[in-house]
Amino acid sequence: MSVPGVLSFTQQGWEQVLVKAKRALVYLDAACAESLHWGCGSSRLLEAVGGPACHVREFERDAVGGGAEQPKALFVLSGLLKGRTVEILRDIICRSHFQYCVVVSAVSHAVHLTANHVPAAAAAELEGQQPVFEQLEEKLCEWMGNLNYTAEVLYVPLLLAPAATHIALTPAFATLFPLLPQDVHLLNNARPDKRRLGSLGEVDATVLPPELLLQIRCLVSGLSSLCEHLGVREECFAVGPFSRVIAADLANYAPAKTRRKTAPGRASLVFVDRTLDLTGAVGHHGDNLVEKIISVLPQLPGHTNDVMVNMVDLTALHAEEENHSVVAPGCLAQSNDTSAKALWEALLNTRHKEAAMEVQRHLVEAASRENLPIKMSMGRVTPGQLTSYIQLFKNNIKALVNHCGLLQLGLATVQTLKHPQTAKWDNFLAFERLLLQSIGESSMAIVFNQLLPMIKPSTQRTNDDYNPEELLILLIYIYSVTGEFTVDKDLGEAEEKVKKALAQAFCEESKLSPLLQKITGCDSAINLTFPKSKIAVDELFASLRDIAGARNLMKQFKSVYVPGTHTHQASYKPLLKQVVEEIFNPEKPDPVDIEHMSSGLTDLLKTGFSMFMKVSRPHPSDHPLLILFVVGGITVSEAKMVKDLVASLKPGAQVIVLSTRLLRPLNIPELLFATDRLHPDLGF
């Protein structure tokens with residue numbers, strides 16, 4: 001068993017889809033398109049379709065239907081075939097001339113039964129039968145206008161977007177985020193007749209809204225298929241209350257229990273709540289070029305993990321902004337380019353300075369292979385230097401085509417190094433380091449007083465100053481790294497001053513960003529009065545207090561802050577690092593905060609007997625493969641840290657890092673203040 005199993009899992013899934021694609025008009029939703037983008041590349045789909053015309057469209061209500069010359073359709077969908085999704089399917093098919101329809105769902109038939117409220121006992125009796133899919137096949141023929149036409153509905157687990165050999169993401173679950181203490185109040189309000197929950201520690205599957213439970217079950221179904229592909233019987237563990245719900249659902253998922261009986265290998269699957277440590281998610285400690293690229297370049301439309309690379313420099317167009325949208329953007333995912341993939345892996349696994357040198361080396365070698373007139377220069381790698389190498393390919397179509405992937409990564413590097421936000425990265429880092437020292441040496445009131453002069457209205461800000469979103473990132477850092485603290489008179493006054501300054505800054509914004517619109521509840525700056533802004537800021541600080549108290553339920557992982565000593569400065573110790581160190585602790589003590597989820601009576605008996613007999617409890621280091629799933633997103637630096645740490649603590653052990661998305665700092669306030677965390681939109 002090898003770690004590239006994550007890539008082969010995705011590619012094997014897409015091969016099942018591509019055999020259905022020949023001469024078809026293909027409709028994809030965003031999450032499946034992202035899985036294809038990282039796993040095989042869109043060119044692989046176009047090859048499978050064949051023919052000179054572009055036959056790939058986005059799955060949406062207004063999508064253009066198929067003409068008389070397009071009798072075959074393939075729909076590739078990441079969600080449940082229910083509600084709005086089925087309505088869109090019907091609308092597209094009814095305005096088309098299809099005679100053959102294939103619908104691929106990335107959600108298993110077992111979950112469709114759950115979504116249709118089929119009891120577990122009745123579902124167990126349907127083994128081998130797929131009534132939900134069969135009923136939809138009949139409907140497809142009905143919508144095509146002839147019951148003798150052909151319709152197929154099948155499940156293919158297109159769960160992952162493999163960003164590298166050691167990390168894969170789940171685009172369909174990019175908005176899945178652990179609950180916060182404030183969500184307990186919402187859960188209590190939704191069930192007034194039931195026993196009130198005292199804390200997040202009491203949350204289990206019985207108290208969650210049905211939409212959220214169904215979203216978790218969709219994820220669990222995909223993870224079970226991954227474990228089947230890897231050939232492993234997984235032991236499920238959880239760090240944090242939300243992860244506990246997911247891990248318990250996978251441990252007791254009926255198809256998974258059946259599969260485990262014949263699985264040849266073993267693995268530990270550890271879920272971790274992102275909310276237990278938001279410091280690493282919004283911090284700037286990661287000395288990694290890819291992390292900076294993802295943070296400063298604009299997001300690729302419809303994607304959660306890739307960025308747009310401006311390709312105008314390789315054309316004859318002038319570099320004015322109005323020309324940027326004329327040329328299709330480049331991106332980071334280069335799934336079909338061996339040389340570019342090698343560079344991408346190197347960028348993920350090296351520090352910023354070495355990564356820039358690696359980009360230079362690859363460009364120089366490519367230019368040499370194409371006999372381009374390259375002029376070598378010594379010293380530090382600069383954006384101008386890299387641009388001069390890239391420009392050599394500009395008027396040589398053959399060289400440009402041969403090294404297109406490499407040039408996209410080269411331009412991404414140049415644009416990031418020149419970006420004003422990259423210079424600001426160091427300012428963030430300097431403040432974070434100062435903050436770490438201040439926490440140990442002074443009170444939180446002094447920390448807030450240091451922050452206060454940094455809050456400026458838009459009319460007084462320069463490019464070096466922090467805008468409201470960046471101030472939110474700093475506040476999240478402060479509250480997450482500090483953990484829960486006692487509010488005294490000085491702190492209360494200092495916090496109130498920061499609140500007022502922030503509320504005033506929000507009011508004086510000439511235009512509200514989407515995030516500020518969400519936080520304030522105002523869609524226009526004109527409608528945002530100071531009282532409205534102050535109410536929003538008070539609610540914002542209540543959320544920050546929740547972040548500070550997120551580790552309260554932990555016994556061992558209570559802090560990510562390491563106080564300074566005479567020989568060492570105060571520092572931040574990532575929770576993920578603590579978790580991995582505890583997993584591979586050579587003494588193998590019973591984990592305190594890494595909770596094992598039993599999958600039935602045998603496990604429960606084993607756990608019970610271990611209290612008074614010498615029966616070893618399941619331990620996450622028992623197996624040769626560790627799968628670490630961070631619920632709520634992970635940074636590039638964190639994924640590398642986990643990979644390197646496992647290699648040093650237990651050479652020979654294999655690790656797969658999974659997460660819902662790759663994080664840029666701004667994603668965290670967006671996820672924290674999302675209004676649909678408890679009630680995700682599943683399309684019905």
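Not measured: the values here are computed from a predicted model. Counting begins at 1 with the first residue of the sequence.
Checking E358 against T350 by side-chain atom types alone, no donor-acceptor pair falls below 3.5 Å. With 3.5 Å as the limit, one finds a donor-acceptor pair spanning the side chains of E370 and N402.
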- Task: Kindly indicate, with the supporting measurements, whether the criterion salt bridge (charged side-chain N to carboxylate O under 4.0 Å, His left out) is fulfilled by E234 and R259.
- Result: CA-CA 10 Å; E234 72 283 8; R259 165 184 56 76; 2.8 Å; yes

- Go through the steps to decide whether T304 and E34 satisfy the test side chain to side chain donor-acceptor pair (under 3.5 Å), and finish with yes or no. CA-CA 8 Å; T304 51; E34 195 162 0; 3.3 Å; yes

- Can you check side chain to side chain donor-acceptor pair (under 3.5 Å) on S637 and N288, steps first, answer last? CA-CA 7 Å; S637 296; N288 184 280; 5.0 Å; no

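Between the S221 side chain and the V107 main chain, no donor and acceptor come within less than 3.5 Å of each other. When atom types are taken as modelled, the side chain of E582 and the backbone of V579 share no donor-acceptor pair closer than 3.5 angstrom. Between the side chain of R661 and the backbone N or O of G633 there is no donor-acceptor pair closer than 3.5 Å. In this structure a side-chain-to-backbone donor-acceptor pair under 3.5 Å is present from T387 to P383. Side-chain atoms of Y572 come within 3.5 Å of backbone N or O of G280 as a donor-acceptor pair. Under a 3.5 Å cut-off, the side chain of D273 and the backbone N or O of L276 do not form any donor-acceptor pair. Looking only at distances, no side-chain donor or acceptor of E432 sits under 3.5 Å from a matching main-chain atom of G283.
Rounded to the nearest 0.5 angstrom, L672 CG and R677 CZ are separated by 6.5 Å. Rounding to the nearest 0.5 Å gives a distance of 9.5 Å between CD of Q334 and CG of L343. Of the inter-residue distances, the one linking C331 atom SG with L409 atom CG reads 8.5 Å to the nearest 0.5 angstrom. One finds the OG atom of S295 at 9.5 Å from the NZ atom of K292 (value rounded to the nearest 0.5 Å). Summarising the geometry, atom CG belonging to L25 is positioned 9.0 Å from atom CG belonging to L74; distances are rounded to the nearest 0.5 Å. In this structure, CD1 in I216 is found 4.0 Å from CZ in F242, a value given to the nearest 0.5 Å.
Between W344 and W38, the ring planes lie tilted relative to each other; the angle falls in the 30° to 60° range. Using a 30° and 60° split on the angle between ring planes, F9 and H229 fall in the tilted class, from 30° to 60°.
Around atom CZ of R351, no more than 12 heavy atoms belonging to other residues, nucleotides or ligands sit under 6.0 Å away. Around NZ of K22, the count of heavy atoms belonging to other residues, nucleotides or ligands within 6.0 Å does not exceed 12. Atom CG of N463 has 12 or fewer heavy atoms from other residues, nucleotides or ligands within 6.0 Å. Within 6.0 Å of the NZ atom in K650, the count of heavy atoms belonging to other residues, nucleotides or ligands exceeds 12. Counting non-hydrogen atoms of neighbouring residues, nucleotides and ligands closer than 6.0 angstrom, the CZ atom of R433 reaches no more than 12 such neighbours.
Not counting sequence neighbours, R23 has no partner by the side chain to side chain contact (heavy atoms under 4.5 Å, CB included) test. Partners of M641 under the side chain to side chain contact (heavy atoms under 4.5 Å, CB included) rule, at least two apart in sequence or in another chain, are P574, L576, K577. With sequence neighbours excluded, no residue forms a side-chain hydrogen bond (donor to acceptor under 3.5 Å, both in side chains) with Q11.
In this structure, Y466 has its ring center under 6.0 Å from that of F428.
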